[in-house]
**Student:** 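Right, I'll just put the structure down here and ask away after.
One is the number of the first residue; the rest follow in order along the sequence. Basis for what follows: all heavy atoms, side chains included, without hydrogens, waters or symmetry-related copies.
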Amino acid sequence: MTAPMFAAACPPHAVEITDSGAVVAWDRVSGTRRTLGDPSLTVTACAIEPDGSHVWWFTESGGWWRQPFDGGPALPGAPPGRQRGIAFDADGRTVAVCLGTGDRTVCHLGPPGGTARPVAAADGCFTLADLSADGELLVLAGTPGTPTAAMLITPGTAEPPVVLGGRIWPLELRPGREVELLLAIEEDDRFAVAVWTPDAGLSVQKWLRFDTEITAHWYGREGRRVLVQQDRHGRSTLLLADLDSRTLTPVPTPPGTILDLSEAPDGVLHYVFSTEGVPPHRRTADPRRPAAPAVPRPDRTRRALWTGEVHTLLATPDGAGPWPAVQLLHGGPFLHDRDCHDPRVEALVRAGYAVARTNYRGSTGYGARWRRAGGPRVGHTQLDDLAAVRAHLIADGVAEAGRIALWGHSWGGYLALLGMGVRPGEWVAGLASSPVADYPAAYAQTTPALRELDDELFGGGPDRVPERYRDASPLTWASRVSGPLCIAAATGDDRCPPGQIHSYLAVLRRHGVPHRMLWTGGGHDGEPGRDTAVFTAMLAFADAALKPPRSDDHRAAREVNRYEATQRTARPDQLAGA
């Protein structure tokens, strides 16, 4: 779900993505909402032209499409490639589209609906941060911490690009014809707002410094006001800063997480908000008319657990523990679990589990030092934190030692596999979807963007620091696994490719490690419409491992067998593993 994106020159027209992944055109005058595109396809990004006449939407399988706001045929809007940003000039006469093609990023420029031409290319992964109002300046965001963290390119001229390096994040250009780029910067273990202009260069607003990660947006068409969102300890805070008067005003929002944010032409903020107990929904706020936000009622089944410096979001069923428990692991690793609704948590709690989501070292939301602290022994450092939380859950009577599992997706799935091998017997079972299982092989097969992330995490690739990759790879420790594993993966996953999982499965089979392998179609996040079946099968597997068996209860075997039977019927060539 996204906040609405508004047509700058046509305030009644907006576009948004729903929680089901459909793109919807919203006429704010009539109140009507119309689904565009193919409802069976999951839209991952969308945009609206400044005059509100056309909507752009992107799917991984079909690329960018352009469709009239009022409906009509959808036509390809750009060449194929991985989506890395879209932006329009102020008049809507020029559109810039950034696409990933192999190990390169290519920017295309042209009239909407016309022929786009490639105007800039760079090796590596860049995203399009913005296009200037006159359509003559492209802002690309590279990898923070590198010499090319930001590039400002003037297409069609011989001028060399302006390159900015360091721990910076280019965000957006100020509305209007005057060029002023808004950035976030990390320095001295803190995060600050910064601006760049052609005349003055980079200027850090040292009075706008924060102890955890931030993002920012220009607010309004007049003046130099900036909305700053800080994410700290799993919750979001919103503030309005005036760069000229150097004043900072809180924008009242309820305690929880802001997932997306946009500004309507009338200055009202539209944002997607959620808490652990409340699914994502859209809300509004007006920074010019502050009002006290609603305070949610306390929920005794949801609480924060601090194990030293390690923060865990804990959800439990009603009543008294101990319960069977799942340590549900976030991916990234440069992400964090938040006070935000997660349907997996709700399903597990309804099934009688305590669920612990831990922001281990390396997570964001706790400052630069905490994020960097995850690096000395990749994976093992995070397992130390998870083991400490496991002991805390047992000591507090939340869980029993013999009924705790690791469960994660993507990098969280990686930690689940690693934990089962590095610390055999400490967790009863491991469940991993779309995991890294063989780290050196995954590095070779994954996308350029994820290779850059691994370079930052490990201090280079497997050819430079091979020992670090071997030590961090679940494959290295696979023969030590004692408890049962359930692994789910997609045959079309380009982030955690299936090849590196096959090598891990071969070791499990060779050493007789009990495991189940569930294959599905689709990409890294699975196949649309199949995620419920995968989760149900994995939940049944957890039940069999963590709950006392009953002679009349064979639900786990039935659910896994039913899943495998449907997969075999649908795509027999994609089943592999045990």
Side-chain angles (χ1 to χ4, degrees), residues 276 301-308 310-331 337 342 344-361 363 379-409 411-433 435 474 477-478 480-488 513-516 535 537-550 555-556:
E276 279 196 271
T301 66
R302 304 286 193 274
R303 63 185 175 96
L305 185 74
W306 287 90
T307 308
V310 183
H311 182 210
T312 297
L313 301 169
L314 180 63
T316 65
D318 284 320
W323 299 275
V326 168
Q327 289 184 255
L328 194 61
L329 313 177
H330 73 73
D337 275 316
D342 187 330
R344 299 172 304 167
V345 174
E346 302 309 311
L348 285 166
V349 169
R350 285 196 302 271
Y353 290 92
V355 182
R357 296 184 293 154
T358 296
N359 287 322
Y360 44 72
R361 277 173 288 177
S363 303
H380 297 263
T381 300
Q382 289 77 13
L383 290 179
D384 288 345
D385 292 344
L386 293 169
V389 171
R390 174 187 175 276
H392 195 165
L393 295 173
I394 296 168
D396 274 12
V398 174
E400 295 178 9
R403 296 201 296 165
I404 306 175
L406 289 175
W407 190 335
H409 176 75
W411 213 78
Y414 152 73
L415 286 178
L417 297 184
L418 185 68
M420 294 296 290
V422 170
R423 296 172 176 264
E426 195 154 343
W427 289 280
V428 173
L431 301 98
S433 59
W477 308 87
R480 292 163 44 98
V481 176
S482 59
L485 294 175
C486 183
I487 304 171
V513 177
H515 63 282
R516 288 277 187 176
F535 180 85
M538 296 183 78
L539 177 58
F541 187 93
D543 286 347
L546 300 183
K547 293 183 177 180
R550 298 194 323 226
R555 184 169 69 90

**Student:** Please report the shortest heavy-atom distance between Val345 and Ala315, naming the atom on each side.
**Tutor:** CG1-CB, 3.8 Å
**Student:** With a 4.5 Å limit on heavy-atom distance, are the side chains of Arg344 and Val326 in contact?
**Tutor:** no
**Student:** Using atom types as modelled, flag every donor-acceptor pair under 3.5 Å from a side chain in residues 383-395 to any protein atom, sequence neighbours excluded.
**Tutor:**
residue : atom : partner : partner atom : Å
Asp384  : OD1  : Arg423  : NH2          : 2.6
Asp385  : OD1  : Arg361  : NE           : 3.2
Asp385  : OD1  : Arg361  : NH2          : 3.0
Asp385  : OD2  : Arg361  : N            : 2.8
Asp385  : OD2  : Arg361  : NE           : 3.1
Arg390  : NE   : Glu426  : O            : 2.7
Arg390  : NH2  : Ala401  : O            : 3.4
Arg390  : NH2  : Glu426  : O            : 3.0
His392  : ND1  : Thr307  : OG1          : 2.8
His392  : NE2  : Asp396  : OD2          : 3.2

**Student:** If we only count heavy atoms from C-beta on, is the Gln327 to Ile404 side-chain gap below 4.5 Å?
**Tutor:** yes
**Student:** Restricting to side chain to side chain contact (heavy atoms under 4.5 Å, CB included), what partner residues turn up for Pro514, sequence neighbours left out?
**Tutor:** Pro484
**Student:** Work out which heavy atom in Asp337 is nearest to a heavy atom in Leu328; give both atom names and the distance.
**Tutor:** OD2-O, 3.9 Å
**Student:** With sequence neighbours excluded, what pairs up with Thr301 under the side-chain hydrogen bond (donor to acceptor under 3.5 Å, both in side chains) test?
**Tutor:** Asp299
**Student:** Just by distance, do the side chain of Tyr360 and the backbone of Gly379 share a donor-acceptor pair under 3.5 Å?
**Tutor:** no
**Student:** I'd like to check the side-chain hydrogen bond (donor to acceptor under 3.5 Å, both in side chains) partners of Trp411; sequence neighbours left out, ordered by chain and number.
**Tutor:** Tyr439
**Student:** Knowing that exactly one of Thr358, Leu329, Val422 qualifies, which makes a side-chain contact (heavy atoms from CB on, under 4.5 Å) with Leu415?
**Tutor:** Leu329
**Student:** Give the minimum heavy-atom separation between Met538 and Ala432, together with the two atoms involved.
**Tutor:** CE-N, 3.7 Å
**Student:** Which pair of non-hydrogen atoms, one from His409 and one from Ser433, has the smallest distance, and what is that distance?
**Tutor:** ND1-OG, 2.8 Å
**Student:** Which residues satisfy the side chain to side chain contact (heavy atoms under 4.5 Å, CB included) test with Ala354, sequence neighbours excluded?
**Tutor:** Thr316, Trp323, Ala325, Val398
**Student:** Nearest 0.5 Å, what's the CG-OG1 distance between Asn359 and Thr312?
**Tutor:** 7.5 Å
**Student:** Nearest 0.5 Å please: distance from the CH2 atom of Trp407 over to the CZ atom of Phe535.
**Tutor:** 4.5 Å
**Student:** Does the side chain of Trp477 reach to within under 4.5 Å of the side chain of Met420, using non-hydrogen atoms?
**Tutor:** no
**Student:** Is the closest side-chain heavy-atom distance between Tyr353 and Lys547 below 4.5 Å?
**Tutor:** yes
**Student:** Does Gln382 have any side-chain hydrogen bond (donor to acceptor under 3.5 Å, both in side chains) partners at least two apart in sequence or in another chain, and if so, which?
**Tutor:** none
**Student:** What distance separates Arg357 CZ from Leu313 CG, expressed to the nearest 0.5 Å?
**Tutor:** 5.0 Å
**Student:** Give me the atom names and distance for the closest heavy-atom approach of Leu431 to Ala416.
**Tutor:** O-CB, 3.7 Å
**Student:** Within the 4.5 Å heavy-atom criterion, are Val355 and Asp342 side-chain neighbours or not?
**Tutor:** no
**Student:** Quick one: pull up CG in Leu418 and NE2 in His380 and give me the separation to the nearest 0.5 Å.
**Tutor:** 5.0 Å
**Student:** Could you tell me which non-hydrogen atom of Arg403 sits nearest to which non-hydrogen atom of Pro322, and how far apart they are?
**Tutor:** NH2-O, 3.8 Å
